[in-house]
Chemist: 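This is the structure I have questions about; it appears just below.
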Amino acid sequence: MKIEELGFVQNYIRITHDAWLKGWHERNGGNFSYRIAEDEVVELKGLVNEDAQSQPIGVTVPNLANEYFLVTGSGKYLRNVIISPEENIGIAKIDEKGENYKVVWGLINGAKPTSEFPSHLMSHSIKKEVTGGKNRVILHSHTTNLIALTFVLPLDNIVFTRELWEMATECPVVFPSGVGIVPWMVPGGAAIAKATSELMKEYDVVLWAHHGTFVSGETLDLAFGLMDTAEKSAEILVKVLSMGGKKQTITADNFRQLGKAFNVNLPEKFLK
Ligand code: 13P
Ligand code: ZN
């Protein structure tokens, strides 16, 4: 059995390709990580190189000690993952302190995990804590319409959430905790990782102004679906704004009814 043939790796590759087809991953744009489940780690036995060299993560994530992550490579094109997984993705194992990682499979020819690995891992760390270990996926995409809106709407969590919720009835059910915004920052380091993970305490969708979107989910499907739903809602909003703006919309009371009917808690701060 090769690593590329394992079910969860196949699923990760398929969803990476779907994300490319969506138009969210020009060139090397965006990156994707999955915290491998315990029963899947068992399947890796004998297939990974545990003697690989350690590298500093750049941030400390003690609750991710000894975890294994599937992750896309820095500078790698997501469209190429399906053609050559070993060159474009890898499995990184975190050390017992949560300070270093080693690439135990893939990312051949000297490739490294994404430059956003600190943001992914700090967000994984927070999500593991707040979801009791359920949440396993972080996806970062260069979503055209969500990015476009960061040039037009105020960079305010409440305004963004409410506008996106109004664009499709399913949105508040799919992201009931709303959308958090990181103002423009230099990508790829510890500072943006910290800002993102702070927002991940509350939100599953975090926008990086003028750059892209981070989402978090329990499964690969749920994370992909969340990105797709938020980006579609942004696309509708861009169209609505281009057609002269809203003439009617879903009201705060409609949202309260929806929350009741679907048994989801919609925070009142978004319904003013
Ligand atoms: P990587 O190629 O290092 O993953 O970077 C792409 C990106 O989207 C940076 O934010
Ligand atoms: Zn990016």
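From a predicted model like this one, the values you see are computed outputs, not experimental measurements. Whatever order the structure lists them in is the order used to number ligands and atoms, beginning at 1.
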Chemist: Glu116 heavy atoms, cut-off 4.0 Å: which ligand 1 atoms fall inside?
Modeler: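 Close to Glu116: 9 (C), 10 (O).
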
Chemist: Under 4.0 Å from any heavy atom of Asn28, which atoms of ligand 1 are there?
Modeler: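 Matching atoms, with element in brackets: 1 (P), 2 (O), 5 (O), 6 (C).
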
Chemist: Taking side-chain contact (heavy atoms from CB on, under 4.5 Å) as the criterion, tell me which of Leu199, Asn135, Val206, Ile138 meets it with Ser123.
Modeler: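 Answer to the side-chain contact (heavy atoms from CB on, under 4.5 Å) test with Ser123 among Leu199, Asn135, Val206, Ile138: Ile138.
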
Chemist: Pull out every atom of ligand 1 sitting under 4.0 Å from any heavy atom of Asn31, numbered as shown with elements.
Modeler: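 Those atoms are 1 (P), 4 (O), 5 (O), 6 (C), 7 (C), 8 (O).
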
Chemist: What atoms of ligand 1 come within less than 4.0 Å of a heavy atom belonging to Gly30?
Modeler: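 Listed by number with element, the hits are 4 (O), 6 (C), 7 (C), 8 (O).
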
Chemist: Say whether Glu231 and Asn145, considering side chains only, have a donor N or O and an acceptor N or O under 3.5 Å apart.
Modeler: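 Side-chain D/A pair, Glu231 to Asn145: present.
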
Chemist: Is there at least one pair of N or O atoms, one from Ser115 and one from ligand 1, spaced under 3.5 Å apart?
Modeler: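 Min N/O separation from ligand 1 is below 3.5 Å for Ser115.
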
Chemist: Looking only at N, O or S atoms, which one in His142 sits nearest to the Zn ion (ligand 2)?
Modeler: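 It is NE2 of His142.
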
Chemist: Closest approach of Ser33 and His124, non-hydrogen atoms and distance?
Modeler: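 Heavy-atom minimum between the residues: OG-NE2, 2.7 Å.
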
Chemist: Using a 4.0 Å cut-off to any heavy atom of Thr114, which atoms of ligand 1 qualify?
Modeler: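 Every atom of ligand 1 under 4.0 Å from some heavy atom of Thr114: 1 (P), 3 (O), 4 (O).
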
Chemist: For ligand 1, which atoms have a heavy atom of His211 less than 4.0 angstrom away?
Modeler: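 Selected atoms, number and element: 10 (O).
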
Chemist: Would you say the side chains of Thr196 and Trp208 form a donor-acceptor pair under 3.5 Å?
Modeler: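 Looking only at side-chain atoms, Trp208 and Thr196 do form a donor-acceptor pair, the distance falling under 3.5 Å.
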
Chemist: Does Asp204 pair with Lys127 as a salt bridge, N-O distance under 4.0 Å?
Modeler: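 Lys127 and Asp204: salt-bridged.
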
Chemist: Quick one: which ligand 1 atoms are inside 4.0 Å of a heavy atom on Gly75?
Modeler: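 So the answer, numbered in order with elements, is 1 (P), 2 (O), 3 (O).
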
Chemist: List ligand 1 atoms under 4.0 Å from His140, heavy atoms only on the residue side.
Modeler: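 Here the atoms of ligand 1 in question are 8 (O), 10 (O).
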
Chemist: Assign the ring pair Phe214 / His140 to parallel, tilted or perpendicular, where the plane angle (0 to 90°) is split at 30° and 60°.
Modeler: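 Plane angle under 30°, so parallel.
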
Chemist: Any side-chain donor-acceptor pair under 3.5 Å between His142 and His211?
Modeler: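 Distance-only check passes for His142 and His211.
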
